[in-house]
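Remarks on the structure that follows.
Naming convention: chains lettered A, B, ... in sequence-line order (proteins, then strands); numbering from 1 in each chain.
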Number of protein chains: 2
Amino acid sequence: MATDPRYRQIAEDLREQIESGELAHGTQLPTELELRERYDASRNTVRDAIKLLIARGMVETRPGQGTFVVEQIIPYVIMVKPETGSGLGEGANYASEIEAGSRKPKESVPRVEVKLATGVIASELQLQDDSEVVSRHQQRYIDGTPYSLQTSFYPMSLVEQGAVRILQAAEIPEGVVTYVREVLGKKQVSWRDKITVRTPDANEANFFRVPDDGRIAVFETFRTSFDESGEPLRLTVTVYPTDRNQFVVNVGEVPPKQQAPDGQASDRKQPE
Amino acid sequence: MATDPRYRQIAEDLREQIESGELAHGTQLPTELELRERYDASRNTVRDAIKLLIARGMVETRPGQGTFVVEQIIPYVIMVKPETGSGLGEGANYASEIEAGSRKPKESVPRVEVKLATGVIASELQLQDDSEVVSRHQQRYIDGTPYSLQTSFYPMSLVEQGAVRILQAAEIPEGVVTYVREVLGKKQVSWRDKITVRTPDANEANFFRVPDDGRIAVFETFRTSFDESGEPLRLTVTVYPTDRNQFVVNVGEVPPKQQAPDGQASDRKQPE
DNA sequence: GGGTATTTGTCCGTATGTATT
DNA sequence: AAATACATACGGACAAATACC
């Protein structure tokens, strides 16, 4: 068997030190020059090893300071399906999807635009390509840290039928879904969530304060909501960083979970 | 404003060519030497630009051949919640979670082990640390390509109560859940799914045939199933590559989706 | 604020190895 | 076997960010 390249050997050695706890979370690694001497390799080779650990999300570099083992992140929990009993079709205030606790959600004033539906938007809302839709975009924070970017798309027909407040660039306190139900009698009775993962674009990387080199992916969720007649009411596209979020779906009456800080990932199994 | 480093400028230029369709999916980029001349930069700088595009999942390199724009992948759709009407608690045969069509699922013979529960496993199954659990591990394929790695953990108490076939290293055609219901009368009435994303370990990267540098993440899902008394029956941990899978959750009566190949991601919105 | 030392980031040139055709 | 193209590794120079005095 071929021996691993030098930079992989070095990365492997550092990885073991990190996983064994020898290098604790948040502590600084030896500098590149020290590692260069320790492993008797060139600085560039050491840097290649570090790049590998960065790609695996184990360390981060801070120019002028050094290289550090990343801190553990306690993930936010996103409930896809509300607890049974809380009833469907609320979901206007996203605070309900956040685990209770000391966490304080905050959201920006929506930016409202009228656009032409294309691609996924048209297809999910079952509209012709280039139909008009209203787009409402918000940035959301928890405890001051960027949490998600969300854009909801509504068919323009809702506005034409009288739900004009959808066009207002202001929060709709009772929620758009409640508003549409009150004005038009259209009730959201079901939805489909699609959860995908991709690399963030430059804007998203900037907002979430993650590196813009694609090494931290984002969840992109598509929620298409339907009324009783099966007609799509809206499409909500939400983007979350994968490094601090997880989704939970409850099916049936699930017993409440006693809070455990949820240690590390499971020990994994090898395919023979 | 500071100008971007050369390698980012080059990456940006190539990115635009790819996204504009000038460089179609599957086509070869100019070689490093050609790019070196075109951009009047060193080969190492060109390589840094390509590394950025690799991290973003836009291109791949093949030694001896060249650098290519990655092909579009048509994702598999994983249904988290079965269509209403299909009843809960089947889910033994995972084929049901795959979209119908020409796709042929296949799974390996389970590897069965008795282990001590630790961390998440103990906590999800509400067992003491170091209690015994039965682990059943399988590799699953669709159309011959690696699809997921799955390990289910069962409390040893199920075996002690008489469900001895859980220990057999062979498929249980009717499904373990059905078997447990028939033998012990314990019925799976609910479950909780947790969906997270992380980088694959070496074994997973090898099985899924993705690069082992962490640039393609995996979904790791935890499904904890409960019986009528709220007692955990099993924990199933499944790992899927994020580059070819997506999750769909239906809540309420969702109208069937007319099949559209689901073009590109939504056009994204900028945080002011 | 300024100056200096430390540390990582960028960019270059070169040589050699390995995979593929 | 030869040619091509990417992978690894080295060494060097300077820039940029940070911390400290």
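Remark: B:Arg62 qualifies as a cation-pi partner of B:Phe68 under the 6.0 Å distance and 45° angle criteria applied to the six-membered ring.
Residues satisfying the salt bridge (charged side-chain N to carboxylate O under 4.0 Å, His left out) criterion with B:Arg136, sequence neighbours excluded, are absent altogether. Residues passing the side-chain contact (heavy atoms from CB on, under 4.5 Å) test with A:Val114, sequence neighbours excluded: A:Glu132, A:Met156, A:Leu167. Applying the salt bridge (charged side-chain N to carboxylate O under 4.0 Å, His left out) rule to A:Asp48 yields the partners A:Lys51; only residues at least two apart in sequence or on another chain are considered. The salt bridge (charged side-chain N to carboxylate O under 4.0 Å, His left out) test applied to B:Glu34 returns no partner, not counting sequence neighbours. Looking at residues two or more places apart in sequence or on another chain, you find a side-chain contact (heavy atoms from CB on, under 4.5 Å) between A:Arg38 and A:Gln17, A:Pro30. A:Glu12 is linked by a side-chain contact (heavy atoms from CB on, under 4.5 Å) to A:Arg15, A:Glu16, counting only residues two or more places apart in sequence or in another chain. Listed by chain and residue number, A:Tyr76 satisfy the side-chain contact (heavy atoms from CB on, under 4.5 Å) test with A:Thr145 (two or more places apart in sequence, or in another chain). In this structure B:Arg215 satisfies the salt bridge (charged side-chain N to carboxylate O under 4.0 Å, His left out) test together with B:Asp213, sequence neighbours excluded.
End-to-end axis angle for the helix from C:dG2-D:dC21 to C:dT21-D:dA2, using five pairs per end and rounding to 10°, comes out at 20°.
From the 5' end on, the contacts that DNA chain D makes with chain A at under 4.0 Å to a non-hydrogen atom open and close at D:dT8 to D:dA19.
For the segment residues 52-65 of chain A, the set of residues with a heavy atom within less than 4.0 Å of an atom of DNA chain C comprises A:Thr61, A:Arg62, A:Pro63, A:Gly64, A:Gln65, in numerical order.
Rounded to whole Å, the distance from CZ on A:Phe68 to C1' on C:dT6 is 12 Å. A:Glu34 places its CD atom 7 Å from the P atom of C:dT7, with the value rounded to the nearest Å. Distance CD (B:Gln28) to P (C:dT20): 15 Å, rounded to an integer number of Å. Computed from coordinates, the A:Asp48 CG to C:dG17 P distance equals 18 Å when rounded to whole Å.
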Distances for protein N or O near nucleotides 12-15 of chain C N or O, under 3.5 Å:
residue, atom, partner, partner atom, Å
C:dC12, OP2, B:Ser42, N, 2.9
C:dC12, OP2, B:Ser42, OG, 3.1
C:dC12, OP2, B:Thr45, OG1, 2.2
C:dG13, N7, B:Asn44, ND2, 3.4
C:dG13, O6, B:Asn44, ND2, 2.8

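For the 3.5 Å distance criterion, the side chains of A:Arg140 and A:Ser148 qualify, holding a donor opposite an acceptor.
Counting heavy atoms from C-beta on, the side chains of A:Arg198 and A:Val239 come closer than 4.5 Å.
A centroid separation of less than 6.0 Å is found between the aromatic rings of A:Phe219 and A:Phe247.
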**Report entry** Residue pair A:Phe207, A:Tyr141: steps toward the ring pair (Phe, Tyr, Trp, His ring centres under 6.0 Å) verdict
**Finding:** CA-CA 10 Å; A:Phe207 174 70; A:Tyr141 300 83; 5.5 Å; yes
